[in-house]
K.L.:
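Below you'll find the structure I mean.
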Amino acid sequence: MRPFFLKRFSILFLSCYVLFLFGNNFFSLTDPDEVFYSLTAKEMAAKNEWVTPLIFGQPQFEKPPLTYWLIETSFKAWGESPFTARLFPAIFAIIGVIAVYFLGLMGFKDERKAFLSAIVLATSAFFAGMGKTVFTDMIFSVFILCAFTMFVLAYTDRRRQGIGFIGFYVFCALATLTKSPLGFVIPQLAVVLFLLYQRQIDFLKNWFVLIGFLVYLIIALPWYVYMYDQYGQVFIREFFYNDHWRRFLEAEHHSNDRWYFYPVTMIAGLFPWSLFLIAAWVDLFKRLKSSVTLVDYLSLSWILSVLLVFQMAHSKLASYILPLFPALALMTGNFLGNCLSQIQDRRKIQNLLCASFAILIVFGAAVMFGHKAYQHYISSQLPMYFLSGSLIALSGVGLTLAFKEHFQTALYVLALSLLPILLTAFMVRTDVEGYISSHEASEYIPQRSMGVMTVLTSKPNARGIRFYTGQDVAAVDFSGKQFFSPHPIPILDTAEKINDVLGHQRVTYAVVRKNVYQFILKNCANHYHVALLKVIGFDYILKIEALKHQ
């Protein structure tokens, strides 16, 4: 192997290890999503269940099982902890960065462009953040990325068409078992668009395509058939209608249902490379009629296929478009490589570097002077001064390098800007932990010493309290809204329902928001002693006992 390849591969691997695996035990699992996936895996592991996902002791059909299999395996092998829950998303993030590097090598035939693309992906804020959290989206996105990598192998090396096409459909099948049949739709749509651009749609008239599709069915179909056989229309309605078609028709988060949500997410999510992404788009449109490359066509097809699927849906979440971030990284890496190698573009990259570092300086100054706005959540100013000082110092080094025209080194300094943000997050852990996780609150709830009980919780805490205590829960909520995906737990929305739970237990514990605490005081104090044990973040931890004279 060439020395440059070994050096760059080693740098990528070590960087990814630090970015995605370091510190994954510092924060407890967060509400409401990390504990959702972890709780399902925990309950499956407890019952040694490998087919039907479970939550609150009942089947749940929101996602296929592959992510749960991975977390369940991690729990059984190394115990239940935030690190083991986040282990496989982190591993897949590392695989994703390495896959972009190899995809870049095949597509660009240029090691520097491939390396820069991988660096952009690894150090983009959104991808790095998703690599440290328990969601299906990272695993799903990397399977789609691997599918595209195998397709490019088949397209660029006709001697390996068999392994390329079969590998493409294997990864589509794994994506389908991770999130939904969109794991097949998105890559297939992108490949068709790519070949239409290239006027080579006949490339799909290949026996290996048919064989690969049969392999896809063999891997992906059995779980869906089994679930339908076991649960019938209940599974169809929940999985296909409620969790897919309904999300297309109505917004789960109404504030996100804007046409510009995904374009803004793409630009902001690639921070600190946002300005380079915008410049890469402008550069690509200028080259559309002259020098469009294979990677340009592939990236456009890739991005368009994801947006076609998700843009029209009313339920919009940033994580839904994570699958297109490798394509954005390839576009940006291609642009950076061209600027570094072409003399006429050196002023362009200098201006972009200066503007990017100027944004970091402004951000650092805003953090320093804006601490009063969030001092209620973060008690010490030291982490803010550290973040501010680190960003300004890095920017000073980067600007010096940019003015001296050491552009590649300046790009690496820009990539480092994510590190002080990560370190600051660890420094403020004790301050913010109570606002993002139910772990501290759950320590006030007896787990088994008092036997099985029903804990009253707010809706956002229901999964976390169940995960950390193992106790039954009932959600107190007066909004009139159910969980978007039904949960088999009681929703208490009246004083009568709350009193009914309290009347069946000698002692009841509650982890609720302030308005619920005030409601309980007003409506239950005549019959129960309500003790406020602790306020942690937004949560009021209560111990409720019947008055002795009753």
Side-chain angles (χ1 to χ4, degrees), residues 1 5-27 34 37-38 66-67 69-71 73-75 77-78 81-107 111 113-150 152-153 167 170-171 174-175 178-179 183 269-270 272-273 319 322-330 332-333 412 415-419 421-423 425-426:
M1 290 187 180
F5 173 84
L6 289 174
K7 179 181 177 182
R8 286 169 173 159
F9 184 87
S10 300
I11 290 171
L12 279 179
F13 186 81
L14 290 173
S15 300
C16 287
Y17 177 84
V18 172
L19 281 170
F20 301 124
L21 286 170
F22 175 72
N24 281 0
N25 224 31
F26 283 15
F27 285 92
E34 282 199 300
Y37 298 108
S38 303
L66 198 147
T67 300
W69 291 342
L70 296 175
I71 301 172
T73 299
S74 184
F75 282 171
W78 301 291
S81 72
F83 186 87
T84 54
R86 295 171 178 141
L87 177 61
F88 278 101
I91 289 173
F92 271 80
I94 296 172
I95 294 171
V97 173
I98 300 302
V100 161
Y101 181 55
F102 281 104
L103 181 54
L105 286 176
M106 287 190 290
E111 284 186 8
K113 286 184 178 181
F115 181 70
L116 288 169
S117 299
I119 287 291
V120 168
L121 183 64
T123 59
S124 61
F126 186 53
F127 188 87
M130 291 297 291
K132 299 181 76 66
T133 51
V134 187
F135 284 84
T136 58
D137 299 273
M138 177 58 73
I139 299 168
F140 177 73
S141 300
V142 172
F143 280 139
I144 288 178
L145 165 60
C146 291
F148 284 128
T149 304
M150 298 307 293
V152 172
L153 176 65
V170 166
F171 285 117
L174 295 174
T178 300
K179 193 164 186 175
L270 213 70
W273 307 100
S319 59
L322 184 65
L324 61 71
F325 271 75
L328 299 179
L330 288 166
T332 308
Y412 297 151
L416 287 173
S417 62
L418 205 62
L419 192 58
I421 297 174
L422 182 65
L423 292 175
F426 298 146

K.L.:
For Ala175 and Gly183, which heavy atoms make the closest approach, and how far apart are they?
P.N.:
CB-CA, 3.6 Å
K.L.:
So, for Ser319 and Met130, which heavy atoms are closest and what is the spacing to 0.1 Å?
P.N.:
CB-CE, 3.8 Å
K.L.:
Once you round to the nearest 0.5 Å, how far does OG1 of Thr67 lie from CZ of Phe88?
P.N.:
10.5 Å
K.L.:
Out of curiosity, Ile144 CD1 to Leu322 CG, how far, rounded to the nearest 0.5 Å?
P.N.:
9.5 Å
K.L.:
Nearest 0.5 angstrom please: Cys16 SG to Ile98 CD1, how far?
P.N.:
5.5 Å
K.L.:
Indicate the atoms forming the closest heavy-atom contact of Ala122 with Leu19, along with that distance.
P.N.:
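What the structure gives for the nearest pair is O-CD1, 3.4 Å.
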K.L.:
Applying ring pair (Phe, Tyr, Trp, His ring centres under 6.0 Å) to Phe92 and Phe143, what does each step give before you reach the verdict?
P.N.:
CA-CA 9 Å; Phe92 271 80; Phe143 280 139; 5.1 Å; yes
K.L.:
Taking only residues two or more places apart in sequence, or in another chain, which ones meet Lys179 in a salt bridge (charged side-chain N to carboxylate O under 4.0 Å, His left out)?
P.N.:
Asp137
K.L.:
Report yes if some heavy atom in the side chain of Phe140 is under 4.5 Å from a heavy atom in the side chain of Pro323; otherwise report no.
P.N.:
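A side-chain contact under 4.5 Å exists here.
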K.L.:
Over all heavy atoms of both residues, which pair between Ile71 and Ala85 is shortest? Give the atoms and the distance, please.
P.N.:
CG1-O, 4.1 Å
K.L.:
Of the non-hydrogen atoms in Ala329 and Leu121, which two are nearest, and what is the gap between them?
P.N.:
CB-CB, 3.7 Å
K.L.:
Distance from Cys146 atom SG to Ile95 atom CD1, nearest 0.5 Å?
P.N.:
6.5 Å
K.L.:
When you measure from the side chain of Ser74 to the backbone N and O of Thr84, does any donor-acceptor pair fall under 3.5 Å?
P.N.:
yes
K.L.:
Going from CZ on Arg86 to OG on Ser38, what distance comes out if it is rounded to the nearest 0.5 angstrom?
P.N.:
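Going from the CZ atom of Arg86 to the OG atom of Ser38 covers 8.0 Å.
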K.L.:
With side chains defined as the heavy atoms from C-beta onward, is the minimum distance between Val100 and Leu330 less than 4.5 Å?
P.N.:
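Yes - at least one pair of side-chain heavy atoms lies under 4.5 Å apart.
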K.L.:
Below 4.5 Å, heavy atoms only, C-beta onward: do Phe127 and Leu270 meet side chain to side chain?
P.N.:
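With C-beta onward as the side chain, the pair stays apart.
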K.L.:
Centre-to-centre under 6.0 Å for Phe426 and Phe22, is that the case here?
P.N.:
yes
K.L.:
Main chain of Leu174, side chain of Thr178: is a donor-acceptor contact present, judged purely on distance under 3.5 Å?
P.N.:
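Answer holds: yes.
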K.L.:
I'd like to check Trp273 versus Ile119 (side-chain heavy atoms, cut-off strictly below 4.5 Å). Are they in contact?
P.N.:
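Counting from C-beta outward, Trp273 and Ile119 do come under 4.5 Å.
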K.L.:
Where is the tightest heavy-atom contact between Ala90 and Leu21, given as atom of each residue plus distance?
P.N.:
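Between these two residues, the closest heavy atoms are CB-CD2, 3.7 Å.
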K.L.:
Is there a side-chain contact between Leu422 and Lys132 in this structure, where contact means two heavy atoms from C-beta onward sitting under 4.5 Å apart?
P.N.:
yes
K.L.:
Between OG1 of Thr149 and OH of Tyr101, what distance do you get to the nearest 0.5 Å?
P.N.:
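Here the interatomic distance stands at 14.0 Å.
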K.L.:
Taking side chain as C-beta onward, heavy atoms only, is Leu116 less than 4.5 Å from Tyr412?
P.N.:
yes
